[in-house]
Amino acid sequence: MRSLGYVAHADCDTPKDLRLTDPLQGSRCAYGLGVAVVDVAVDAVDDADDFVHPIFQRAPGEDGGTDTSRLYRYQAEVAAQACLAMLTRDEIEYVVCEWHEDFAIAFKDGTVELVSVKHRQYHRTLWNVGDLCKDGGLAHLFNSWCACGCADNVRLRLTTNGALNTGKGNAAVLARMCGPDPEVTADVDAMATTIARHFLKIRWKQPYPHIPEVPETKAMADIAIPDGFIATIKQFLAVLHIDYKSVPSSRFITDHNLQQLLRPAVLALELEHVDDEATYRQIVERIEQANRGEGERGQLAEYIAKPSRVLQNVQMQQRIARRTLYARTVREQFVYRELTVPTFAPGRLPMVAPGGVKLRKKLVQGQVPDDEVVHAESLRSAWYVAWKQHQSGLPGDSADLANMRLEVLDTAFDCRADAQSETVEGNPYGARMNRLLRQRLMPEAMSVTLPFKINGKHLRGLAYQLCDDCDYYFSDVFTISDEEAS
């Protein structure tokens, strides 16, 4: 796995005592206009499936977070917005909870967005610049960004339901100065200077290692700003987005996410019989589970003090896996109403699946009755229609089908073994095997599930498709010529 790579200005003149030390790379320049880049090329590893974005090779620092379960719930519901977006937006690769910030969104183009969530009660005053830096988490975001090497492909977002002070040079103006194409470009130096002093003041009380320590003063205006620090603040603002204009409060976020995100996703995916409220609760609870990292933070100090490549790879990947949510993870949380699942969905006309010749020959060879052979072909077509209707086109589809395929094959092999043991040696056993499949291939008997509701006929249809694919036989193995199969 490739480690974080940094590119810094060759002519950087930052004093040595103001340079930050990266535990993997040695000292590097923290302040100045040097451009840092995280190498995110998938071909940097031998197996693209094992690729891990470099930001997730770096352990985050300690963050106690809020003490109230209500605000933790709000954080999870904001993260749910990104998770629900994965269902319909191909550009999102996965979401990692509680990594550097409240959650991180990894995009397929190699970009990562670190998101900090701050809830503001209505009785609280408007956010001003100082509040945003301290209680609003901008200092924490800045520290996390620096810990990631100030990389060009790391974006930052502060999400808050609180209103911003619209006074001259205040928080609303700051929001308009953020991003690569800011609305406001005047007085940016003055704003960066103000933020720099707030960060330096916060550093007196908070152990942010990537904010330099300076002598304490009585007046903010007297705080000495290290050379290059204002330039770094301006770089920080260029990758920051303050999201506040349409962010629902904890009182309304559940309804907002249901109406604006989950229900439209269900419609877009053409899913039926989804219990949307139960599904939403399951998704949020799954995010809260990912937010919990029992026993993980205690390993951080040892990891930083004694980085080991093997230890890093194994432990880091395990930590990330416990906190990572993919589109398929979200789909697995869907709850369906307990209704009879039709073999063909309403409005879906039956159609004949391609292939089928090998299945028919195998059933006939096993002396399965002719009418059961015809029925088997109908069920194979029913499975084909159901899968085509419900597959999302996301990478998780292949894994879902592969897991169910193994379950169905295991059942088919067991049915064949039992049918053989119940039949006089040398006699055909295909008819008995087919009856056993009908008895045992039921959704509740499977240890895995698909991201949509199926019934026993669908499972038998999948079994017959696997037979047509030559994964098993209803008799001893025999050869089907190319002419016969065509």
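Using modelled atom types, one finds no donor on one side chain facing an acceptor on the other under 3.5 Å when comparing Tyr72 with Asn291. A donor-acceptor contact under 3.5 angstrom links the side chains of Glu77 and Thr254, judged on distance only. Side-chain contact annotation: His390 with Glu270, donor-acceptor N/O pair under 3.5 Å absent. No hydrogens or angles considered: a donor-acceptor pair under 3.5 Å links the side chains of Glu407 and Ser447. Side-chain N/O atoms of Gln365 and Ser475 include no donor and acceptor closer than 3.5 Å. Arg263 and Gln259 form a side-chain donor-acceptor contact under 3.5 Å, judged by distance and modelled atom types alone.
When side chains are defined from C-beta on, Tyr384 does not count as touching Val352, because their heavy atoms never get closer than 4.5 Å. Side-chain contact check for Leu262 versus Phe334: some heavy-atom pair is nearer than 4.5 Å. A 4.5 Å side-chain heavy-atom check between Leu114 and Trp145 finds every atom pair outside the cut-off. The shortest side-chain heavy-atom distance between Lys453 and Leu271 does not fall under the 4.5 Å cut-off. Asn161 has its side chain out of reach of Pro248: every pair of non-hydrogen atoms, C-beta onward, lies at least 4.5 Å apart. Taking 4.5 Å as the limit, every side-chain heavy atom of Ile105 sits out of range of all side-chain heavy atoms of Arg155. No side-chain heavy atom of Tyr94 sits under 4.5 Å from any side-chain heavy atom of Thr329. Side-chain contact check for Leu240 versus Phe236: some heavy-atom pair is nearer than 4.5 Å.
Ring centers of Tyr74 and His119: under 6.0 Å apart, within the cut-off.
Between Ala82 and Phe103, the closest heavy-atom pair is CB-CE1, 4.2 Å. Of all the heavy atoms in Ala85 and Ile92, the pair that sits closest is CB-CD1, 4.0 Å. Taking both residues in full, the closest heavy atoms of Lys118 and Gly136 are given as CG-O, 3.4 Å, listed atom of the first, atom of the second, then distance. Between Met442 and Leu459 the shortest heavy-atom distance is C-CD1, 3.4 Å. Taking every heavy atom of both residues into account, Ala76 and Ile287 meet most closely at O-CD1, 3.6 Å. Contact detail for Ala104 and Val112: the closest heavy-atom pair is CB-CG1, 4.3 Å.
Not a single donor-acceptor pair under 3.5 Å links the side chain of Asn257 to the backbone N or O of Gln81. In this structure, Asn403 contributes its side chain and Ala399 its backbone to a donor-acceptor pair below 3.5 Å. Thr111 contributes no side-chain N or O that, together with a main-chain N or O of Phe107, makes up a donor-acceptor pair within less than 3.5 Å. A donor-acceptor pair under 3.5 Å is formed between the side chain of Arg323 and the backbone N or O of Glu98. For Asp102 (side chain) and Val117 (main-chain N/O), a donor-acceptor pair under 3.5 Å exists by modelled atom type. No donor-acceptor pair under 3.5 Å is formed between the side chain of Thr423 and the backbone N or O of Gln420.
For Arg328 and Tyr326, the positive end sits near the middle of the six-membered ring, less than 6.0 Å away and at most 45° from its axis.
Note: Gln260 CD to Leu84 CG = 12.0 Å, rounded to the nearest 0.5 Å. Here the CG-OG1 distance, from Leu132 to Thr160, works out to 7.5 Å after rounding to the nearest 0.5 Å. Expressed to the nearest 0.5 Å, how far OG1 of Thr159 lies from CD of Gln75 amounts to 11.0 Å. With values rounded to the nearest 0.5 angstrom, Thr449 atom OG1 is found 8.5 Å from Ile454 atom CD1. From Asp418, atom CG reaches atom CZ of Arg416 across 11.5 Å, with rounding to the nearest 0.5 Å. Note that CZ of Arg120 and OG of Ser250 are 14.0 Å apart. Values are rounded to the nearest 0.5 Å.
Under the 4.0 Å criterion applied to side-chain N and carboxylate O atoms, Asp276 and Arg281 are not assigned as salt-bridge partners. Electrostatic pairing of Arg157 and Glu113 counts as a salt bridge here, judged by a charged N lying under 4.0 Å from a carboxylate O. A salt bridge does not link Asp469 with Lys358: none of the charged nitrogens is closer than 4.0 Å to a carboxylate oxygen.
The ring pair (Phe, Tyr, Trp, His ring centres under 6.0 Å) pairs that include a residue from residues 456-475 are Tyr472-Phe474, Tyr473-Phe478, where partners are two or more places apart or lie in different chains. The stretch residues 379-388 participates, sequence neighbours left out, in these salt bridge (Lys or Arg N to Asp or Glu O under 4.0 Å) pairs: Glu377-Arg380, Arg380-Asp468.
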**Message:** side chain to side chain contact (heavy atoms under 4.5 Å, CB included), that's the test. Do Leu409 and Arg405 meet it? Break it down for me.
**Reply:** CA-CA 6 Å; Leu409 278 177; Arg405 175 183 175 277; 3.7 Å; yes

**Derivation of the side chain to side chain contact (heavy atoms under 4.5 Å, CB included) call for Gln333 and Ile283** = CA-CA 6 Å; Gln333 312 312 311; Ile283 292 171; 3.7 Å; yes

**Message:** side chain to side chain contact (heavy atoms under 4.5 Å, CB included) for Asp476 and Tyr429? Distances and angles first, verdict last.
**Reply:** CA-CA 10 Å; Asp476 292 339; Tyr429 53 82; 3.8 Å; yes

**Prompt:** Can you list the steps and then say if Val408 with Leu441 is a side chain to side chain contact (heavy atoms under 4.5 Å, CB included)?
**Reply:** CA-CA 7 Å; Val408 171; Leu441 279 176; 4.2 Å; yes

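The 12-atom threshold is not exceeded at CG of Asp370, counting heavy atoms of other residues, nucleotides or ligands nearer than 6.0 Å. Residue Asp181 places its CG atom among 12 or fewer non-hydrogen atoms of other residues, nucleotides or ligands, all under 6.0 Å distant. In the displayed structure, Gln121 atom CD is contacted under 6.0 Å by more than 12 heavy atoms of other residues, nucleotides or ligands.
A parallel orientation is assigned to the rings of Trp383 and Trp387, their planes being inclined by less than 30° (bins at 30° and 60°).
No option in Val239, Leu237, Asp243 other than Asp243 meets the side-chain contact (heavy atoms from CB on, under 4.5 Å) test with His241.
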